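Down below is the structure, laid out as structure tokens.
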Number of protein chains: 2
Amino acid sequence: MKKVTAHDVARLAEVSQSAVSRTFTPGASVAPETRERIETAARKLGYRPNAIARSLITRRSRIIGLVMSYLENQFYPVVIERLCQALQQDGYHVLLFISETEEADNVLADILQYQVDGIVMASTTLSSALANDCINAGIPVVLFNRVAQVGPMGGYSTSSVTSQNRAGGRLVGELLVRTGHRRIAWLAGSENASTSRDREAGLCDALAAAGLPLHARGVGDYDFAEARRAVLALFRDPDNRPDALFAANDHMAIAALETLRAELGMQVPRDVSVVGFDNVPQAAWPSFDLTTVQQNVEQMVDATRTLLFEQIGGQVMASSVDVPCVLVERGTVRKRDAT
Amino acid sequence: MKKVTAHDVARLAEVSQSAVSRTFTPGASVAPETRERIETAARKLGYRPNAIARSLITRRSRIIGLVMSYLENQFYPVVIERLCQALQQDGYHVLLFISETEEADNVLADILQYQVDGIVMASTTLSSALANDCINAGIPVVLFNRVAQVGPMGGYSTSSVTSQNRAGGRLVGELLVRTGHRRIAWLAGSENASTSRDREAGLCDALAAAGLPLHARGVGDYDFAEARRAVLALFRDPDNRPDALFAANDHMAIAALETLRAELGMQVPRDVSVVGFDNVPQAAWPSFDLTTVQQNVEQMVDATRTLLFEQIGGQVMASSVDVPCVLVERGTVRKRDAT
DNA sequence: CTGAAAGCGCTTACAG
DNA sequence: CTGAAAGCGCTTACAG
């Protein structure tokens with residue numbers, strides 16, 4: 001079971017090892033008949049070029065590090081699937097790092113040792129420090145679904161791909177105002193996640209335009225159990241309940257739906273309207289039929305590839321892409337107000 | 001932004017490059033003060049050993065290929081998360097390949113070029129041929145949540161980790177019989193998936209023991225939309241409907257639940273009982289409250305690591321591990337029969 | 001304990 | 001078009 005190398009093939013085909021290498025290098029010049037001979041020999045021996053050795057000499061691993069943290073939110077599996085497939089088609093591969101919370105530093109060391117050509121950080125909760133470390137190490141980074149925290153002096157700036165979160169938040173705010181809601185509550189994700197802050201800002205834009213205050217505010221940390229707790233607190237006082245709840249993502253919106261119905265005995269949208277963000281697969285299930293804002297994963301993945309390859313190609317300026325998102329109206333917002 | 005190598009560190013610390021290498025090789029002998037000097041120099045230069053170069057010489061990449069296909073079934077994200085974290089702790093990393101259906105051959109070539117130390121195939125739908133190719137190439141493979149198809153002559157045998165699917169299926173069959181169901185239907189996953197076949201066999205064991213026939217049978221292909229279609233067909237005739245439906249996994253069971261309620265106006269478990277397999281996070285959500293069989297992901301991941309490392313260490317015999325699974329009784333099976 | 005040297009399996013100028 | 005040679009950044013016997 002010895003590994004077969006280019007040398008073995010060269011010997012069998014009676015050519016130099018260089019010729020074998022050229023045969024497997026797209027665009028290199030080899031005479032047609034030589035190539036033929038080499039390919040036959042390679043097939044006979046079951047030869048496959050060693051990507052590790054190639055990486056060492058070309059100083060390109062064609063590996064992209066993908067850092068994620070919470071796959072229970074179904075948005076991320078969808079992202080993984082699309083991103084992996086897209087990168088595979090470009091001849092790149094994905095080294096996956098799962099890092100809950102902030103043990104991320106060890107992860108970083110690992111990533112760097114593996115000489116990845118670039119990194120996609122697709123997690124709203126990872127620290128910006130991590131991203132900066134990578135950039136300092138000279139590795140292209142693209143933030144996916146989040147934006148860099150700006151440092152004290154204007155700070156580092158990292159490429160990022162997001163939806164137009166503020167506009168999306170505004171869309172929801174306008175919908176809720178238009179349909180006559182007056183006591184609108186916000187369920188934040190992580191307080192320091194840009195997605196959550198931007199969506200909240202959009203909501204507040206719409207409220208301000210209508211002269212309405214934000215009725216109440218909870219923090220669900222993008223987590224199912226945390227969201228449940230926050231909803232319980234938000235609806236504790238039966239005399240002062242919100243008439244609408246906008247959650248920073250679908251995962252929490254569904255947690256809210258479950259809690260409102262099963263634990264608080266409320267009906268949606270009769271007693272309260274609920275809106276999410278992402279349009280995960282479950283949002284379309286009849287049990288939830290959740291009104292939400294759709295993030296265009298396909299466009300986001302495309303933009304990520306583009307940004308990544310620009311930087312790998314030497315582009316130094318970081319840039320950000322905002323993909324438009326659209327409101328998906330389903331059944332969790334009451335249609336007209338009785339007020 | 002030049003890469004700093006062991007040579008650079010050696011020069012600064014005034015030692016040989018070998019000494020630098022030893023300092024970063026656990027268990028190598030270096031004098032404490034030499035090590036100190038080298039570590040200081042390394043820190044100053046921001047040196048990190050190049051894992052690619054190390055792999056080339058040690059012929060160990062410390063990379064495991066993980067092949068998956070359908071992440072919309074929430075069981076798999078959970079598996080990815082656990083497996084990644086476990087392997088990271090062992091100093092291994094995960095190169096992720098997503099391959100829908102059978103374009104898998106290209107994927108295979110990729111995997112092999114990357115000199116992965118082993119492969120975990122965690123997908124019920126991938127062909128067994130793929131696994132055999134890897135084994136022929138001398139790469140350890142562990143099948144996760146499926147079992148090798150035995151060839152015509154007894155065929156190849158590949159290590160695998162599964163739940164005790166047949167026993168799990170029997171548990172469900174016994175539960176349904178015990179609670180007085182008489183027209184029990186089976187919703188299969190993919191016809192050639194061992195998980196589906198084994199769970200069905202277990203169900204049939206229980207039915208046979210009770211002298212009951214399998215009332216009806218549909219095929220959902222482990223897919224949400226397919227499962228919906230199959231359920232519609234299974235319940236088309238109002239006069240001959242099943243009184244219980246056992247789906248080969250939770251993903252399809254939830255599809256069934258949604259279809260029964262939203263499209264057929266049936267109540268669960270009043271009109272029909274529903275049972276799944278996996279115990280995905282959503283099964284516990286109040287909207288579904290799904291009775292199911294829990295696969296012990298933690299044990300399955302542990303077994304996978306063990307099997308993988310045995311083979312990487314030179315163990316040639318393939319072996320299979322069956323992890324016990326337990327029935328999780330929730331609200332989708334009616335408690336007593338009125339018959 | 002330490003250094004010089006060989007070598008992992010490739011790519012890529014450089015001559016011819 | 002083709003081959004000999006250098007070299008990517010490491011590890012690891014082998015002497016000392």
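For clarity, every value in this text was computed on a predicted model and none was experimentally measured. Lettering follows sequence order; numbering is per chain, from 1.
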Pick the nucleotide of DNA chain D nearest each of B:Leu56 and A:Glu14; which residue has the one closer to the 5' end?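 Residue closer to the 5' terminus by nearest nucleotide: A:Glu14.
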Is it true that a side-chain atom of [X] and a backbone atom of [Y] form a donor plus acceptor pair closer than 3.5 Å?
{"X": "A:Asn50", "Y": "A:Ile52", "result": "yes"}
{"X": "B:Asp322", "Y": "B:Thr162", "result": "no"}
{"X": "B:Gln88", "Y": "A:Ile98", "result": "yes"}

In whole angstroms, how far is the [atom2] atom of [N] from the [atom1] atom of [X]?
{"X": "A:Tyr114", "N": "D:dG9", "atom1": "OH", "atom2": "P", "answer": "18 Å"}
{"X": "B:Asp8", "N": "D:dC8", "atom1": "CG", "atom2": "C1'", "answer": "13 Å"}
{"X": "B:Ile38", "N": "C:dG3", "atom1": "CD1", "atom2": "C1'", "answer": "12 Å"}
{"X": "A:Glu33", "N": "D:dT2", "atom1": "CD", "atom2": "C1'", "answer": "13 Å"}

When all nucleic acid strands are considered with a 4.0 Å heavy-atom cut-off, which category describes B:Ser55: base, sugar-phosphate, or nothing?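 Nothing, no heavy atom under 4.0 Å.
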Residues B:Ser61 and B:Gln115: side-chain donor-acceptor under 3.5 angstrom: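 Judged by distance alone, the side chains do not pair up.
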Reading 5' to 3' through nucleotides 10-16 of chain C, protein heavy-atom contacts under 4.0 Å coded B for base, S for sugar-phosphate only, - for none: BBBB---
Give me the ring orientation class for A:Tyr47 and A:Phe24: parallel if the planes are under 30° apart, tilted from 30 to 60°, perpendicular past 60°.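 Perpendicular.
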Is there a Watson-Crick or G-U wobble partner for C:dA13 with both distances under 3.5 Å, and if so, which one is it?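 C:dA13 is paired with nothing.
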With both distances under 3.5 angstrom, what nucleotide forms a Watson-Crick or G-U wobble pair with D:dA4?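 D:dA4 is unpaired by these criteria.
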So, using ring-ring contact (aromatic ring centres under 6.0 Å, His included) as the criterion, who are the partners of B:Phe75 when residues are at least two apart?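 Scan of B:Phe75 (ring-ring contact (aromatic ring centres under 6.0 Å, His included), adjacent residues dropped) gives none.
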